[in-house]
Amino acid sequence: QVQLVESGGGLVQAGGSLRVSCAASGRTSVIDDMGWPRQAPGKEREFVARISWSGRSTYYADSIKGRFTISRDNAKNTVYLQMSSLKPEDTAVYYCTAHRGVVTNLGVWDYWGQGTQVTVSS
């Protein structure tokens with residue numbers, strides 16, 4: 001099994017920056033793709049970023065493109081989401097996901113974290 005633990009969420013003013021992290025433990029050798037979906041109150045879950053094991057392949061949702069950067073450190077089994085120019089509409093619970101292999105459906109992942117709250121005040 002793989003466990004994912006997010007950290008780094010919090011309250012930030014609009015226009016500010018925040019970095020959330022996700023540390024994987026357990027059978028981390030099976031992990032390939034990792035990603036960050038988010039869910040805001042009353043809204044559908046949105047998948048915002050994905051990164052391949054090598055880091056050479058990434059995906060970003062249009063809503064955050066140019067403002068967020070996903071990265072990973074495989075030696076530390078950690079994936080990061082650097083968020084800049086934050087907007088109130090970025091307020092959501094940010095989850096970490098991991099998959100055994102390449103994800104073909106962004107809505108289907110093998111492992112999920114518990115989530116970390118990011119709140120952007122106006």
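All values below were derived from every heavy atom in this structure, side-chain atoms included, with hydrogens, water molecules and symmetry-related copies excluded. Bear in mind that the values here come from a model prediction, so they are computed numbers and not experimental data.
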W36 and Y80: aromatic ring centres closer than 6.0 Å? no
Pair listing, disulfide (SG to SG under 2.5 Å) test, anchored in residues 23-108, at least two apart: C22-C96
Minimum side-chain heavy-atom gap T116-V93 below 4.5 Å: no
Using the test side chain to side chain donor-acceptor pair (under 3.5 Å), find all partners of S121 that sit at least two apart in sequence or belong to another chain. none
For a quick test of reading the model, state the closest non-hydrogen atom pair linking S71 to V79 and the distance between them. O-CG2, 3.1 Å
Under the side chain to side chain contact (heavy atoms under 4.5 Å, CB included) criterion, do Q82 and S17 qualify, and how do the steps go? CA-CA 7 Å; Q82 177 68 48; S17 299; 4.0 Å; yes
In plain terms, say whether D90 and K87 are close enough for a salt bridge, that is, a side-chain N and a carboxylate O under 4.0 Å apart. no
So, do V30 and Y111 sit near enough that their side-chain heavy atoms are less than 4.5 Å apart? yes
So, taking the atom named CG in L4 and the one named OH in Y95, what distance separates them when rounded to the nearest 0.5 Å? 13.0 Å
Could you check whether any side-chain N or O of T28 sits under 3.5 Å from a backbone N or O of S25, counting only pairs where one atom can act as donor and the other as acceptor? no
Once you round to the nearest 0.5 Å, how far does OG1 of T119 lie from CD of Q13? 13.0 Å
Is a side-chain donor or acceptor of E6 paired with a backbone partner of Q114 at a separation under 3.5 angstrom? yes
pair F68-L86: side-chain heavy atoms closer than 4.5 Å: yes
Are side-chain heavy atoms of R19 and S21 found at a separation under 4.5 Å? yes
Donor-acceptor contact below 3.5 Å, side chain R27 vs main chain Q1: no
Under a 3.5 Å cutoff, is there a donor and acceptor pairing between the side chains of H99 and D32? no
What residue among R72, R50, R56 forms salt bridge (Lys or Arg N to Asp or Glu O under 4.0 Å) with D33? R50
Here the pair of heavy atoms bringing T69 nearest to Y60 is CA-OH, 3.4 Å
For the pair V108 and V103, evaluate side chain to side chain contact (heavy atoms under 4.5 Å, CB included) and give the outcome as yes or no after the intermediate values. CA-CA 8 Å; V108 180; V103 167; over 6 Å; no
Can you tell me how far apart CG (N77) and CD1 (I31) are? Round to the nearest 0.5 Å. 6.5 Å
Side-chain contact test, heavy atoms from C-beta onward, threshold under 4.5 Å: evaluate it for R100 versus V2 and give yes or no. no
Note, L18 side chain near V118 side chain (heavy atom, < 4.5 Å): yes
Quick check against the 3.5 Å criterion: does T91 have a side-chain atom that pairs as donor or acceptor with the backbone of E89? no
Could you name each residue pair satisfying disulfide (SG to SG under 2.5 Å) that touches residues 40-84, not counting sequence neighbours? none
Distance check, rounded to the nearest 0.5 Å: M34 atom CE versus I70 atom CD1? 8.0 Å
Side-chain donor-acceptor pair under 3.5 Å between E46 and S63, yes or no? yes
Treating Ile, Leu, Val, Met, Phe, Trp and Tyr as nodes and any side-chain heavy-atom pair under 4.5 angstrom as an edge, say whether I64 and V120 lie in one connected cluster. yes
Closest non-hydrogen atom pair, S122 against P88: CB-CG, 3.8 Å
With the 4.5 Å side-chain cut-off for hydrophobic clustering, are Y59 and V48 part of the same group? no
Close side-chain approach of T97 to P37, heavy-atom, < 4.5 Å: yes
Among side-chain atoms of Y94 and R38, is any donor-acceptor pair under 3.5 angstrom? yes
